[in-house]
Amino acid sequence: MRKKTASLIVCSALMLNYLASCTVAIPEANPDGAEETSEFVARADIEPIRAQDDFYGYVNLETLKTLELDYENPSAGGMAMIDTDSQLLESVSKIVNSGEEYPEGSCEQILVRAYNQFIEYQNNDDLKALANQDADAELSKIVNVKNMEELFSVLTELRRDYNIISVIYWGVDADCFDPDKYAILFPQITDMAGINIETINKNARDAETFESSIELALRVSGMDQKEAEEVTGDLLYKIIDIAWATNEDYINANNPYTGFKFYTTDEINSKLTNHKIDELLKLSGIDSNPYGGVTVQDIDQLIALDKFICEENLELIKALTIAEFVNSYMEELSLSHDELDIYVAESTDELNLQAVHYLMMGYSSELSELYCKDYYTDEMDEALNQMCDDIVYGYHNAINNATWLSEEARNLLIQKLENIQFVTGGYVLSHLGDYSYENELFGENLYETSKNKNAYHFNDAINNLGKDHNRLELKMPMYVVNACYTQDNIVNITVAIMNAPAFDVNADRFSNLGGLGAVVGHEIGHGFDSNCLDFDYNGVFNPLWLPSEDIEVLNTRNQSAIEYFETSFSVFDVYYVDGEHTLGENYADLGSLEVITSLCETEDDYRTLFESYARLWCGLMTESDVIRQIAFDEHSPATIRVNAIVATLDVFYEVYDVQEGDGMYIAPENRIGRWN
């Protein structure tokens with residue numbers, strides 16, 4: 001098969017869960033600070049690009065010529081143009097400056113109070129000094145631990161009051177085997193004291209690059225340089241042991257539930273050597289277990305951590321905990337430890353924008369509600385609901401027409417499709433929150449409020465034990481430019497992504513279908529991609545829910561798709577995507593375009609939709625980020641995401657008169673499909 005080349009180079013700039021915003025690459029920024037111009041700005045006389053040779057370039061070239069990057073904005077164009085910071089700043093400023101007395105527990109009342117406390121704290125050195133004293137006192141507690149009993153007590157306190165996770169983490173979250181219930185989960189640990197487990201798993205010598213930060217934390221705690229170096233060296237050896245016990249297959253698995261298995265209390269205790277499971281659970285403040293066991297992702301890593309937690313390693317565990325605490329509370333500690341000053345970056349944002357960023361981190365539910373009130377209209381809600389209905393209808397037809405699947409499999413997939421639920425701005429506005437509890441959490445200053453909130457959310461999670469889980473709780477803030485599908489069969493569509501270029505309530509139907517419609521179709525498509533097909537129509541992890549003969553057919557088609565994406569289009573004339581790693585995302589794109597184009601009736605409909613889809617991913621980005629994306633991201637670069645997808649659709653060839661010998665041409669026998 002002849003390999004294709006994408007003539008414009010692009011990559012992903014924004015990725016949360018299953019959605020990425022992709023951008024075009026330019027040469028690296030000049031390290032000497034010389035004036036920057038993009039390749040496309042400099043080459044304003046570049047020859048026009050034919051749709052038949054590079055559809056992405058054909059649609060986006062003129063826009064790309066106008067885009068530039070700088071150090072503060074490493075991506076430009078496409079969805080990177082959606083300025084939610086300005087929207088949020090306007091919304092928050094309006095309520096802060098209104099002088100209105102908002103109802104107790106309303107999102108406005110809580111946000112105004114939190115905003116004002118942030119501003120007061122930033123302008124008051126005495127309040128910061130109190131925070132410094134508290135942080136120093138907590139650091140002293142860790143230093144003065146004398147035995148394992150004291151250590152366990154301090155680790156639990158750190159988890160509850162400071163949200164510090166040291167050594168081991170247990171969470172209370174949705175059960176992957178029953179998403180309507182909670183479970184006690186041990187997800188694989190990928191980082192210890194800032195040391196990436198995967199990095200030192202592959203090359204233990206890389207651990208040396210992390211020595212200085214750990215040594216600094218130990219010196220801040222009172223150790224002299226020589227002792228800090230010795231303890232750091234011993235700690236690194238132990239972390240390397242844990243890294244070697246870690247299952248690398250789970251680290252970058254596309255399916256986040258890869259490796260998870262439920263173990264009864266007796267089963268897990270039979271594998272642990274130093275502690276009973278109940279003792280380890282207490283490190284995360286879990287004193288009771290109503291489930292008769294735990295769900296563990298990486299049992300070998302858990303066993304290695306259990307061996308590490310012993311009296312012999314007391315000083316090393318303290319060192320690890322000190323490093324975690326200092327890294328997390330560096331700003332507070334820097335007031336009394338000058339050596340930390342160079343590691344504390346001072347924000348260049350105006351104070352009011354800093355306050356908004358603080359609200360984004362600590363009050364996302366309240367801020368989501370305010371954002372929906374200000375930027376989500378009844379007209380938008382009606383248009384979005386109609387779009388979702390249209391796309392679901394298209395999926396119905398696509399699945400029913402997939403005669404290469406058995407009738408039983410098609411019926412099961414239709415059932416999963418019908419069970420999908422959507423969380424949108426309309427859902428948020430119809431379920432307004434009562435945030436009265438937040439008023440009880442405000443302390444004398446910002447730092448005390450932060451501690452109170454940590455303790456509240458810690459106890460709230462523990463209190464979920466044995467209770468039902470609400471699948472429809474907000475999984476991402478409404479002010480984040482994104483959408484996602486979660487394995488419990490929920491599609492989240494934020495209000496922020498309902499901005500141009502993805503959506504315009506005044507635009508025609510097929511422009512919006514090619515933009516936001518492609519995103520919605522993509523997220524629905526994840527329910528049927530190569531990863532999420534392991535979850536049945538109830539969103540339960542069950543890889544055998546489809547008939548075995550259909551699973552075999554699906555696996556065969558998977559291999560064809562992998563080969564297609566690894567051999568059809570390249571980036572820089574050199575790099576090809578990892579077809580297996582990107583398969584789930586590529587399938588979601590492929591299924592989406594098959595479905596939304598099925599809603600077209602005329603050639604104008606197709607042209608409008610195809611070109612809107614190409615514009616969705618238009619943008620500029622640095623060359624190094626392109627290469628990094630190809631190496632690590634499960635999303636294909638944007639030119640691949642556009643050209644390799646539209647080139648599978650027969651109607652594209654008809655609309656744009658693509659012939660053999662053209663850059664976009666793929667022989668009919670080599671065109672893959674998700675449902676076709």
Closest non-hydrogen atom pair between [X] and [Y], with its separation:
| X | Y | value |
| --- | --- | --- |
| Met148 | Ile309 | CE-CG2, 3.7 Å |
| Ile630 | Tyr576 | CG2-O, 4.0 Å |
| Ala193 | Ala323 | CB-CB, 4.0 Å |
| Thr199 | Asn196 | N-OD1, 2.8 Å |
| Ile168 | Ser284 | O-OG, 4.3 Å |
| Glu523 | Ala483 | OE2-O, 3.3 Å |

I'd like to check the salt bridge (Lys or Arg N to Asp or Glu O under 4.0 Å) partners of [X]; sequence neighbours left out, ordered by chain and number.
| X | answer |
| --- | --- |
| Glu448 | none |
| Glu227 | none |
| Asp488 | Lys475 |

query = Under the side chain to side chain contact (heavy atoms under 4.5 Å, CB included) criterion, do Ile303 and Thr273 qualify, and how do the steps go?
reply = CA-CA 8 Å; Ile303 292 169; Thr273 55; 5.7 Å; no
request  = Before accepting this row, confirm whether a basic side-chain N of the pair Asp241/Lys307 lies closer than 4.0 Å to the acidic partner's carboxylate O.
outcome  =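 Salt bridge flag = no for Lys307 with Asp241.
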key: Residues Glu279, Lys282: salt bridge by 4.0 Å N-O rule   =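 A salt bridge is absent here (no side-chain N lies under 4.0 Å from a carboxylate O).
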Under the 3.5 angstrom rule, does the side chain of [X] hit a backbone N or O of [Y] as a donor-acceptor pair?
| X | Y | result |
| --- | --- | --- |
| Tyr479 | Met360 | yes |
| His469 | Pro179 | yes |
| Thr494 | Asn482 | yes |
| Gln629 | Ser636 | yes |
| Asn247 | Asp298 | no |
| Thr449 | Asn445 | yes |
| Gln225 | Glu215 | no |
| Asp460 | Tyr456 | no |
| Ser221 | Leu218 | yes |
| Gln354 | Asp349 | yes |

task = Determine, step by step, whether Ile189 and Ile165 satisfy the side chain to side chain contact (heavy atoms under 4.5 Å, CB included) criterion, reporting the C-alpha distance in whole Å, the side-chain angles of both residues, the deciding distance to 0.1 Å, and the verdict.
result = CA-CA 10 Å; Ile189 294 174; Ile165 299 168; over 6 Å; no
I'd like to check [X] versus [Y] (side-chain heavy atoms, cut-off strictly below 4.5 Å). Are they in contact?
| X | Y | value |
| --- | --- | --- |
| Met192 | Ile197 | yes |
| Ile184 | Leu281 | yes |
| Asn531 | Leu583 | no |
| Leu446 | Tyr358 | yes |
| Asp578 | Glu566 | yes |
| His337 | Arg219 | no |
| Met79 | Ile497 | yes |
| Leu280 | Leu272 | yes |

request  = Decide whether Ser140 and Asn144 meet the rule of one side-chain donor and one side-chain acceptor closer than 3.5 Å.
outcome  = no
ask   = If we ignore angles and hydrogens, is there a donor and acceptor under 3.5 Å between the side chains of Asn201 and Thr246?
value = no
If you measure from [atom1] on [X] to [atom2] on [Y], what distance do you get to the nearest 0.5 Å?
| X | Y | atom1 | atom2 | answer |
| --- | --- | --- | --- | --- |
| Ser450 | Glu332 | OG | CD | 8.0 Å |
| Ile322 | Ile142 | CD1 | CD1 | 6.0 Å |
| Phe565 | Arg641 | CZ | CZ | 10.5 Å |
| Leu67 | Leu620 | CG | CG | 5.5 Å |
| Leu151 | Thr156 | CG | OG1 | 9.0 Å |
| His581 | Ile562 | NE2 | CD1 | 12.5 Å |

Option from Leu335, Val220, Leu333 for which side-chain contact (heavy atoms from CB on, under 4.5 Å) with Asp136 holds = Leu333
task = Enumerate the residue pairs fulfilling side chain to side chain donor-acceptor pair (under 3.5 Å) with a member in residues 310-321, sequence neighbours excluded, ordered by first and then second residue.
result = Ser166-Thr321, Glu315-Lys318
inquiry  = Under the criterion side chain to side chain contact (heavy atoms under 4.5 Å, CB included), I'd like the reasoning laid out for Gln188 against Ile251: C-alpha separation, chi angles, the key distance, then a yes or no.
reply    = CA-CA 8 Å; Gln188 185 185 61; Ile251 293 177; 3.2 Å; yes
message = I'd like to know whether Lys271 forms a side chain to side chain contact (heavy atoms under 4.5 Å, CB included) with Asp306, so could you lay out the CA-CA distance, the side-chain angles of the two residues, the decisive distance to 0.1 Å, and finally the verdict.
response = CA-CA 10 Å; Lys271 294 180 178 294; Asp306 173 56; over 6 Å; no
query = Within a reach of under 6.0 Å around CD of Gln122, are more than 12 heavy atoms found that belong to other residues, nucleotides or ligands?
reply =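 Result for CD/Gln122: enclosed.
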ask   = Which pairs with one or both residues in residues 243-260 pass salt bridge (Lys or Arg N to Asp or Glu O under 4.0 Å), sequence neighbours excluded?
value =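 Applying salt bridge (Lys or Arg N to Asp or Glu O under 4.0 Å) to every pair that reaches into residues 243-260, excluding sequence neighbours, yields Lys202-Glu248.
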message = Under the criterion side-chain hydrogen bond (donor to acceptor under 3.5 Å, both in side chains), I'd like the reasoning laid out for Glu585 against His526: C-alpha separation, chi angles, the key distance, then a yes or no.
response = CA-CA 8 Å; Glu585 295 297 330; His526 272 305; 3.3 Å; yes
inquiry  = Please list all pairs meeting ring pair (Phe, Tyr, Trp, His ring centres under 6.0 Å) that have one or both residues in residues 132-172, counting only residues at least two apart or in different chains.
reply    = Phe152-His275, Tyr162-Phe325, Tyr162-Tyr329, Trp170-Phe186
ask   = Can we call the ring centroids of Tyr291 and Phe262 under 6.0 Å apart?
value =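 Between Tyr291 and Phe262, the centre distance exceeds or equals 6.0 Å.
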